[in-house]
There are 2 protein chains.
Amino acid sequence: MVQKYQLEDKVLLAVDCIIFGFDEEDLKILLIKRNFEPEKGKWSLMGGFLKRHENLNIAANRILYQLTGIEQIYMEQLYAFSEVDRDPAERTISVAYFALINIKEHDKALIDKYSAKWFSVTELPELIFDHSEMITKAIKRLRYKTSKKPIGFELLPEKFTMRQLQKLYESILGEKLDKRNFINKINALDILIKLEEKDMNSSRKGSFLYQFDAEKYQQKVEEGFSFKL
Amino acid sequence: MVQKYQLEDKVLLAVDCIIFGFDEEDLKILLIKRNFEPEKGKWSLMGGFLKRHENLNIAANRILYQLTGIEQIYMEQLYAFSEVDRDPAERTISVAYFALINIKEHDKALIDKYSAKWFSVTELPELIFDHSEMITKAIKRLRYKTSKKPIGFELLPEKFTMRQLQKLYESILGEKLDKRNFINKINALDILIKLEEKDMNSSRKGSFLYQFDAEKYQQKVEEGFSFKL
DNA sequence: CTCCTTAAGTGTTAATTATACATTTCCAAA
DNA sequence: TTTGGAAATGTATAATTAACACTTAAGGAG
């Protein structure tokens, strides 16, 4: 490739990943203890640098895979953070990505191996650089997206109860919802399959399990529906 | 500054600006004839490279100023475009920004000087690289923002008629709106000042002019209201 | 000076959607 | 068999949104 813009400044381009998970109680974020300088030993988002042959989406997925063993998940670009001194070591622009995963489906061993740890969004530790700001922005975006598309399903196990789904929405939105209204709305969407099966952990009576009906959902998206909670 | 990440690839970071304007009829975008290779002579968004001492917001404003003489306007980061071959000359990641301006308020002479030209969003020419994609994304974002905040006022002259405001919304949203419902909603927001003055160009009867009441708007924002059209 | 033209201005009703709210059912364990 | 605890369920009211058509004002033409 011919170099045409030789007089221009080049910069390091980092990618930082905000990984949301849900454990039936709280919305959580996956963080790691940074194992290189500067700020070695402090908590950080999963980050790495863009390589010559990658676009940002690919870099985000590679970095996540390298640091946690998690692969092939839905990731979305959030924002480019570019304050001149955001990384004291060297001028670095960071593009933040965020992803949603089901905590239980991802191999705990691999996560432990890299000293990754889940933190509730309400109890985050101090983070390096501008990572707190990134998280704040990601939560805001997640709330918005949740109100437009039923995005939360990535965060739940394949089979889940209405109670779990409601808890998930409550922890994303940060507010309590009315049970009956919630169920009515979800049912009105008509994108869940009610199973015969019951989850017997939560109560004696047991509660019915549901599955997300990807096919019906796809169909509705094509018809141009907009999810509103 | 110590260089700590010496083994990492560096890249060129460009900024491209999508400038929306409105001329009482159509939503328009400001484009320039690119005056350097590659693709010299083709239509392009306003673009330039991030410099060492700037963050992206500052770079976006500088670039816009250099290319059009327009300064101190509201700009917002849109998205980072990073396909490996998006610029055939050299690997370049581009962060797109968008802005809203009032066409008439900005000095035509300066714009002409740089061969900038306004194009209706419905009649865009062929553009270099991935600039069309950037514009598509910007329009989508503009539509969204318009439905949340009364952002459109930047696009109108200081004094405007209800008809103009409605036309603006229609061209942003790409659909016709009902006149009475539109006026009712706008009035319900209570952020316009109705002037005594009339605009006599559009009809024999003349139509009242309005002004955006920035103070009332600010107050409402603080009270946490959300604009919904 | 009367009539015509043209866009401005104006409210009501029906339909839909959102909210608030309390009781009964089921099942396992004691 | 009784009991405790969460699951399941529906309705009435309020709020919002959508649909809809006639009158008014004023300049220009005849």
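Any value given below was found using the heavy atoms of this structure, including those in side chains, with hydrogens, waters and symmetry copies removed. Lettering follows sequence order; numbering is per chain, from 1.
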Exercise for the section: Figure out the CG/P separation between B/Asp199 and C/dA8, and round it to whole Å. Expected result: 9 Å
Practice task
Report yes if a side-chain nitrogen or oxygen of A/Ser202 is closer than 4.0 Å to either non-bridging phosphate oxygen (OP1 or OP2) of D/dA7; otherwise report no.
Solution key: yes
Handout entry: Among C/dG9, C/dC27, D/dT9, the nucleotide that comes nearest once only the side chain of B/Phe208 is considered
Key = C/dG9
Handout entry: Donor-acceptor pair present, B/Lys205 side chain and C/dA8 base, under 3.5 Å
Key = yes
Practice task
Using a cut-off of strictly less than 4.0 Å, decide whether A/Lys185 has a side-chain nitrogen or oxygen near OP1 or OP2 of C/dT19.
Solution key: yes
Exercise for the section: Mind calculating the distance between CG (B/Leu195) and P (C/dG9) to the nearest angstrom? Expected result: 12 Å
Exercise for the section: Cation-pi check, A/Lys137 to A/Tyr79: give yes when NZ or CZ is under 6.0 Å from the six-membered ring centre and within 45° of the ring axis, no otherwise. Expected result: yes
Practice task
When you get a sec, tell me which of D/dA7, D/dA18, D/dG10 is the closest nucleotide to the side chain of B/Asn181?
Solution key: D/dA18
Problem - Nucleotide D/dA7, atom C1' - distance to CG of A/Leu165 in whole Å - result: 15 Å
Exercise for the section: Could you label the plane-to-plane angle of the B/Tyr144 and A/Tyr144 rings as parallel, tilted or perpendicular, counting under 30° as parallel and over 60° as perpendicular? Expected result: tilted
Practice task
Tell me yes or no: between the side chains of A/Asp199 and A/Thr161, is some donor less than 3.5 Å from an acceptor?
Solution key: no
Problem - cation_pi(A/Lys117, A/Phe119) dist<6.0 Å, angle<=45 - result: yes
